[in-house]
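The block underneath contains the structure these notes are about, expressed in structure tokens.
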Amino acid sequence: LWFWDFNDWSIKMTKKIITTVGTSLFTNYTKGEVRDSFINDDYQDINDLLKELENLTSSEYNNPKFQRTIRNIKAVIENKWLKGLIKTDDGWEIKEEEFNLDASAEIKSLLKITSDNKQNYKVYLLYSDSVLSQLAAELLKENLPSLLNKEIEIHCYLIENLVVDSFEKFNIGLINLVKKIREIFKDEFNVKDDTFTIQNKQKISEEFIFNISGGYKATIPFLTILAQLYNIESKYIFEESDELITIPQINIGIDELFLEKIYLDLSSKKFDDMLQIKKLENYKLINNNRGKYEFTVLGEMIKDYAENHTVNAKNVFGYIAEFKLYEYFINNPLTINGITLKKVERSVQYKREFDIVLSNEKKDVFCFCEVKAFYSFLNNKDKIISDLQVRLKAIEDYFDKATFEYHFYIYTLNSSVDTKEIDEVAKQIKSINKVLRFFKVFIKESSASYSADNPYQKIVSSKIEKSDIEEIKI
């Protein structure tokens with residue numbers, strides 16, 4: 001969402017602030033120092049009302065049994081806490097017409113984050129699975145425009161199972177939190193499929209802020225990791241301080257070699273292989289819940305990163321795989337129809353960039369090679385098909401009298417990987433043109449001794465042999 005500001009003649013975007021919501025809006029009001037600031041017994045105690053609701057999940061929010069209690073708490077907070085009381089250096093002071101800008105962690109932090117009056121803002125309030133958190137979110141939604149003194153678009157979302165009285169539910173709740181944030185990203189940029197483009201990711205980084213001041217403190221480490229994976233700035237404020245802390249973007253990622261090794265296991269969702277299970281358990285990516293293996297929140301985040309960040313951009317390991325195949329074709333020239341293709345080129349441009357192009361001396365027989373990771377091939381079928389049609393047209397335009405084949409080299413670090421899914425995708429792509437062929441490439445690690453701290457050394461020093469390439473017969 002963009003706005004034209006006629007005062008400074010510049011286009012400005014809307015900053016989106018994802019804010020976790022807790023219950024400090026209520027607990028702050030119940031503190032003794034606040035109670036003592038009221039005169040003539042004007043303080044209205046809500047402790048008994050809060051206790052009535054404190055163990056209820058959001059599913060009880062509309063239960064008629066609790067409506068009176070909810071209304072009473074809401075009235076007290078709006079009339080006694082959000083307005084008419086302010087915090088000074090000497091404590092709390094009654095000020096009838098003034099708003100309480102220190103009422104909760106969410107209010108204090110959002111006041112600081114939205115301080116630029118030339119900027120437009122949208123706030124997403126993510127509340128935990130409790131009646132009190134939902135009530136806090138609704139009170140914030142209704143009162144934030146007045147408290148912040150600006151027009152602001154606000155959305156509230158429940159995070160189901162985000163509770164702290166059950167570790168099992170809390171883990172599910174964390175996964176739901178990650179999924180909801182990703183849904184917000186997709187909705188903001190109208191992403192229809194399951195992956196983000198480089199442009200989407202850049203916009204996410206530029207336009208979103210995580211405000212982690214409110215809500216369960218146990219969510220902060222996970223939200224911090226998620227923010228770093230998406231390269232998003234995070235904000236936090238201590239309630240007893242006016243200093244807003246910024247956790248900067250440090251552009252971290254997940255090791256690509258690690259992803260190459262675990263991705264197929266992580267994406268299968270079957271978890272029926274004991275070696276696979278042990279490996280993922282050791283990495284704390286899945287756990288056993290009553291005999292059923294499920295993702296941990298870390299597993300969900302890494303799976304999300306692999307599927308939605310890595311597949312749309314050539315990563316470091318992708319270039320290594322490409323160079324290793326380049327080396328292989330120099331040492332093992334390909335033959336098509338009895339003609340040897342000794343010329344080997346990388347990153348050749350014919351309207352589109354081709355990873356590797358093989359040709360004979362006369363330049364009338366070609367092989368165009370596309371190098372893909374297993375997971376990229378599986379997750380980008382539609383994109384591969386649409387792009388391939390453009391590529392084939394470009395080849396025919398440039399070399400209308402030449403003979404050519406188009407090969408996909410699909411690499412993996414797992415020599416025994418099941419190719420059934422690959423076979424199915426390859427079959428659909430093969431239907432486009434008979435010149436297409438598909439090969440599985442096993443990239444092994446060298447048996448030489450290298451530092452365990454740098455696993456790339458073992459990969460880079462190894463060579464692809466003929467026995468490492470297997471054609472996928474369609």
Side-chain angles (χ1 to χ4, degrees), residues 19-87 91-111 123 125-148 154-166 169-170 173 213-219 239-240:
T19 300
T20 47
V21 178
T23 57
S24 66
L25 185 63
F26 310 123
T27 56
N28 285 352
Y29 173 74
T30 64
K31 291 179 179 178
E33 61 195 80
V34 174
R35 178 193 297 268
D36 295 341
S37 68
F38 284 83
I39 57 176
N40 300 324
D41 295 324
D42 200 29
Y43 180 82
Q44 289 182 251
D45 195 310
I46 60 170
N47 278 307
D48 289 341
L49 300 176
L50 294 176
K51 284 180 182 178
E52 186 180 343
L53 303 180
E54 66 182 356
N55 296 318
L56 300 178
T57 63
S58 287
S59 61
E60 299 285 356
Y61 192 81
N62 293 314
N63 187 333
K65 180 180 176 181
F66 304 111
Q67 290 308 295
R68 183 176 179 179
T69 304
I70 289 172
R71 286 196 304 270
N72 287 341
I73 293 173
K74 188 174 182 181
V76 171
I77 294 301
E78 287 186 323
N79 298 323
K80 300 288 185 180
W81 183 230
L82 289 177
K83 192 174 183 181
L85 194 68
I86 64 168
K87 192 173 187 180
W92 293 95
E93 182 180 332
I94 302 294
K95 289 282 185 180
E96 292 295 338
E97 296 304 316
E98 292 195 33
F99 290 107
N100 181 0
L101 304 181
D102 295 278
S104 74
E106 298 85 0
I107 293 168
K108 281 189 71 171
S109 53
L110 285 170
L111 186 69
V123 174
L125 300 174
L126 308 186
Y127 58 91
S128 56
D129 197 348
S130 73
V131 167
L132 288 177
S133 184
Q134 182 169 348
L135 177 56
E138 294 200 0
L139 279 163
L140 289 170
K141 182 178 181 180
E142 291 169 11
N143 291 278
L144 273 174
S146 298
L147 290 160
L148 302 180
I154 302 171
H155 300 271
C156 293
Y157 292 109
L158 162 68
I159 307 301
E160 291 186 7
N161 289 301
L162 191 60
V163 295
V164 290
D165 58 356
S166 163
K169 284 187 176 181
F170 182 68
S213 305
Y216 296 133
K217 301 311 175 198
T219 64
E239 287 204 65
E240 301 307 317

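Keep in mind that what you see is a predicted model, and the values were worked out from it rather than measured.
Applying the side-chain contact (heavy atoms from CB on, under 4.5 Å) test to K217 and every residue at least two apart in sequence or in another chain returns I220, Y236. Every residue was checked against the ring-ring contact (aromatic ring centres under 6.0 Å, His included) condition with F26, not counting sequence neighbours, and none meets it.
Inter-residue side-chain proximity for F99 and L82 is flagged as unmet; no heavy-atom pair is nearer than 4.5 Å. Contact of the L126 side chain with the T19 side chain is not registered, since no non-hydrogen atoms from C-beta on lie closer than 4.5 Å. Between R68 and E52 the shortest side-chain heavy-atom distance does not fall below 4.5 Å. Contact check for Y61 versus L56: no side-chain heavy atoms found under the 4.5 Å cut-off. Y43 has its side chain out of reach of K80: every pair of non-hydrogen atoms, C-beta onward, lies at least 4.5 Å apart. Contact annotation: the side chain of N143 never approaches that of S146 to less than 4.5 Å [non-hydrogen atoms, C-beta and beyond]. Using a 4.5 Å heavy-atom threshold, the side chains of W81 and Q44 count as separate. Contact of the L53 side chain with the I73 side chain is registered, since non-hydrogen atoms from C-beta on lie closer than 4.5 Å.
Between F38 and Y29, the ring planes are perpendicular. Angles over 60° get that label, and only those under 30° would be called parallel.
Judged by distance alone, the side chain of S109 and the main-chain N or O of A105 form a donor-acceptor pair under 3.5 Å. With N100 contributing its side chain and A103 its backbone, the two residues share a donor-acceptor pair below 3.5 Å. Judged by distance alone, the side chain of S130 and the main-chain N or O of S133 form a donor-acceptor pair under 3.5 Å. Using modelled atom types, no side-chain atom of S37 and backbone atom of E93 make a donor-acceptor pair closer than 3.5 Å.
Nearest heavy-atom pair across E96 and K83 is O-CG, 4.0 Å. Scanning both residues, S59 and D129, for their nearest heavy atoms gives N-OD1, 4.5 Å. Between E106 and S24, the shortest heavy-atom distance links the atoms OE1-OG, 3.6 Å.
The distance from atom CG of L111 to atom NZ of K108, rounded to the nearest 0.5 Å, is 10.0 Å. Rounding to the nearest 0.5 Å gives a distance of 12.0 Å between CD1 of I107 and OG of S213. For the atom pair I77 CD1 and N28 CG, the distance stands at 9.5 Å (nearest 0.5 Å). The distance from the OG1 atom of T23 to the CD atom of E54 is 9.5 Å, given to the nearest 0.5 Å. In this structure, CD1 on I70 lies 9.5 Å from CD on E60, to the nearest 0.5 angstrom.
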With a 3.5 Å cut-off and sequence neighbours excluded, list the donor-acceptor pairs that the side chains of residues 156-163 form with protein atoms.
none

### Task
Determine, step by step, whether L139 and K74 satisfy the side-chain contact (heavy atoms from CB on, under 4.5 Å) criterion, reporting the C-alpha distance in whole Å, the side-chain angles of both residues, the deciding distance to 0.1 Å, and the verdict.
CA-CA 7 Å; L139 279 163; K74 188 174 182 181; 3.4 Å; yes
### Message
Applying side-chain contact (heavy atoms from CB on, under 4.5 Å) to L135 and F66, what does each step give before you reach the verdict?
### Response
CA-CA 12 Å; L135 177 56; F66 304 111; over 6 Å; no
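The local environment of CG in D48 is sparse, with at most 12 non-hydrogen atoms from other residues, nucleotides or ligands closer than 6.0 Å. Heavy atoms from other residues, nucleotides or ligands lying under 6.0 Å from NZ of K31 number more than 12.
In summary, of the residues considered (L144, I154, L147, L101), a side chain to side chain contact (heavy atoms under 4.5 Å, CB included) with L110 occurs for L144 alone.
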